[in-house]
Amino acid sequence: MGKMFFGKKADSPLYSNLIFLILNLAFFSILLIFVLRAGSGSLVYEQIYAKQIALMLDSSKPGMEIRIDLSKAKEIAEKNNWKGELVKIQNNLINVSLASNGGYSFEYFTNYKIESSYQGDILVLKVEK
Amino acid sequence: MREIFRNKKAGEKIFSIWWFAILVVIGTGIVAGVLMYYSESVDVREWESGIIYMKLSDCFIDSGFLVDNFKDVNIFSDCGLEQKVFEKPSNFYFLINIFDENGNLIKTYGGGDSSFKGECEIQEKDEKGKAVKAEGYAKCLKRKSMVYYYDENNVKTAIIEILTASNQFGRRIAVV
């Protein structure tokens, strides 16, 4: 196999060991990044915030003002160097993104007009008919 | 010592396809475990069915009486539901049947993915109280309530049956 990629040099045990080490390191690094990312909560929190906001909007009534503390979300976003919008509400979809490589999308079914704004770390949602 | 390192066969043994097969098994196991752990607890489909039920119930019933225009309700605008979300392919479903005191159907309303109706029926409890559990099927809520309504100044009784279902899991998106 080493010969196939590196010609005669790959016959040397140094090269085959090196390739073996690099591939193993790459594999375990990818695995570690995945587990750390999952453990750090961005995957989970994106989902939890999206569903929480959607459920709140669905059960809301016109005239209500919903205030959601996003300090944990901001903390995770800062850890991931994400400076974009954390929560987007458009076309009956809640998109929550706490990292640069995507986010979580969840649909809500209420037809009330939703106006969103921020007061520090608090997301303020005003529900209007 | 040099002899060991120059032994080509030993190097090839370690650097074999079997080692990578083991890595794949370990990797798949860890990824599957992590994904299962973190995706397990956030199933809100039952809550959504409950919220749809609550909205429809509030829309049709007022203090034990059916609303005056119960035969002519614009189900989406009057009940605060977004019509396009209930157009196919939808993650939601509802069916409202209103029966008179003799069990005759007076009015029916429906919306969403009607295939969920079958899924709900399958999951309903039989006479022995046993129900089929199906993970991928929509989560349903069915309630019957006895209500009153005015018919030419006479108070009559009716049964309103509301079935709601949700099968929304949400999805990850690449770019927001």
Side-chain angles (χ1 to χ4, degrees), chain A residues 1-2 11-17 19-20 23-24 27-28 30-32 34-35 37-39 41 43-44 46-48 50-52 54-55 57-62 82 84-88 91-112 127 129, chain B residues 2 4-12 14-17 19-20 23-24 26-31 33-35 37-39 41-45 47-48 50-52 54-55 58 76-86 90-92 94 111-112 166 168-176:
Chain A
M1 188 156 176
D11 287 346
S12 150
L14 181 69
Y15 276 93
S16 57
N17 282 333
I19 295 162
F20 172 75
L23 289 173
N24 277 304
F27 175 81
F28 283 109
I30 291 166
L31 211 58
L32 192 69
F34 172 77
V35 173
R37 184 164 151 67
L43 286 170
V44 181
E46 281 169 350
Q47 189 180 159
I48 288 172
K51 291 184 175 178
Q52 189 182 36
L55 288 179
L57 291 180
D58 284 337
S59 46
S60 67
K61 289 188 173 168
W82 172 244
E85 210 172 344
L86 300 183
V87 179
K88 254 187 194 175
N91 299 324
N92 276 78
L93 283 173
I94 313 282
N95 294 330
V96 179
S97 184
L98 306 180
S100 55
N101 59 350
Y104 199 84
S105 181
F106 203 71
E107 196 174 33
Y108 64 94
F109 48 75
T110 188
N111 70 349
Y112 302 137
V127 185
K129 198 150 193 176
Chain B
R2 277 178 78 87
I4 297 168
F5 281 110
R6 287 199 176 280
N7 186 351
K8 252 169 69 178
K9 278 184 182 173
E12 280 171 2
I14 300 167
F15 188 54
S16 70
I17 192 76
W19 177 247
F20 287 102
L23 290 187
V24 167
I26 292 169
T28 311
I30 291 173
V31 169
V34 169
L35 286 179
Y37 179 77
Y38 285 112
S39 65
S41 59
V42 205
D43 184 356
V44 296
R45 291 175 297 164
W47 290 48
E48 287 185 309
I51 294 169
I52 301 172
M54 193 182 67
K55 279 179 100 85
D58 284 352
F76 296 106
S77 61
D78 293 350
C79 301
L81 299 172
E82 179 60 49
Q83 188 166 358
K84 69 173 189 240
V85 174
F86 287 86
S90 175
N91 291 311
F92 308 106
F94 65 84
S166 165
Q168 181 178 211
F169 290 95
R171 65 190 174 94
R172 292 209 60 76
I173 45 171
V175 182
V176 178

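Numbers restart at 1 for each chain; the letters A, B, ... are given by sequence-line order, proteins then strands. These numbers were taken from a predicted model, which means no experiment stands behind them.
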Given a strict heavy-atom distance threshold of 4.5 Å, which part of B/Phe76 is in contact with chain A: side chain, backbone, both, or neither? backbone

Find the one option among A/Ile30, A/Leu93, A/Leu55 whose heavy-atom pairs under 4.5 Å with chain B are most numerous. A/Leu55

Output the option from A/Ile94, A/Ile48, A/Asn24 having the highest count of non-hydrogen pairs under 4.5 Å with chain B. A/Asn24

Return the minimal non-hydrogen interatomic distance between B/Ile173 and A/Ser105, and the atom names on each side. CG2-CB, 3.8 Å

Using every non-hydrogen atom in the two residues, find where B/Arg172 and A/Gly102 come nearest and quote the distance to one decimal. NH2-C, 4.4 Å

Go through the structure and list residues passing side chain to side chain donor-acceptor pair (under 3.5 Å) with B/Arg171, not counting sequence neighbours. none

Any residue meeting side chain to side chain donor-acceptor pair (under 3.5 Å) with B/Asn91, in chain and number order, not counting sequence neighbours: A/Glu107

Let me confirm one number: the CG-OH distance from B/Leu81 to A/Tyr108, rounded to the nearest 0.5 Å. 13.0 Å

I want to check something: taking the side chain as every heavy atom from C-beta on, are A/Phe34 and B/Leu35 in contact at a cut-off of under 4.5 Å? yes

Tell me, do A/Phe28 and B/Leu23 make a side-chain contact under 4.5 Å, heavy atoms counted? yes

Heavy-atom distances under 4.5 Å only: say whether A/Phe109 touches chain B with side chain, backbone, both or neither. both

Portion of A/Leu31 that has a non-hydrogen atom of chain B nearer than 4.5 angstrom: side chain

If you count heavy-atom pairs under 4.5 Å between each of B/Asp58, B/Ile26, B/Val31 and chain A, which one has the most? B/Val31

B/Lys84 NZ: over 12 foreign heavy atoms closer than 6.0 Å: yes

Donor-acceptor pair between B/Trp47 and A/Asp58 side chains, under 3.5 angstrom: no

If we check side chain to side chain contact (heavy atoms under 4.5 Å, CB included) with B/Glu82, which of these qualifies: A/Asn92, A/Thr110, A/Asn91? A/Asn92

Can you label the angle between the A/Phe20 ring and the B/Trp19 ring as parallel, tilted or perpendicular, going by 30° and 60°? tilted

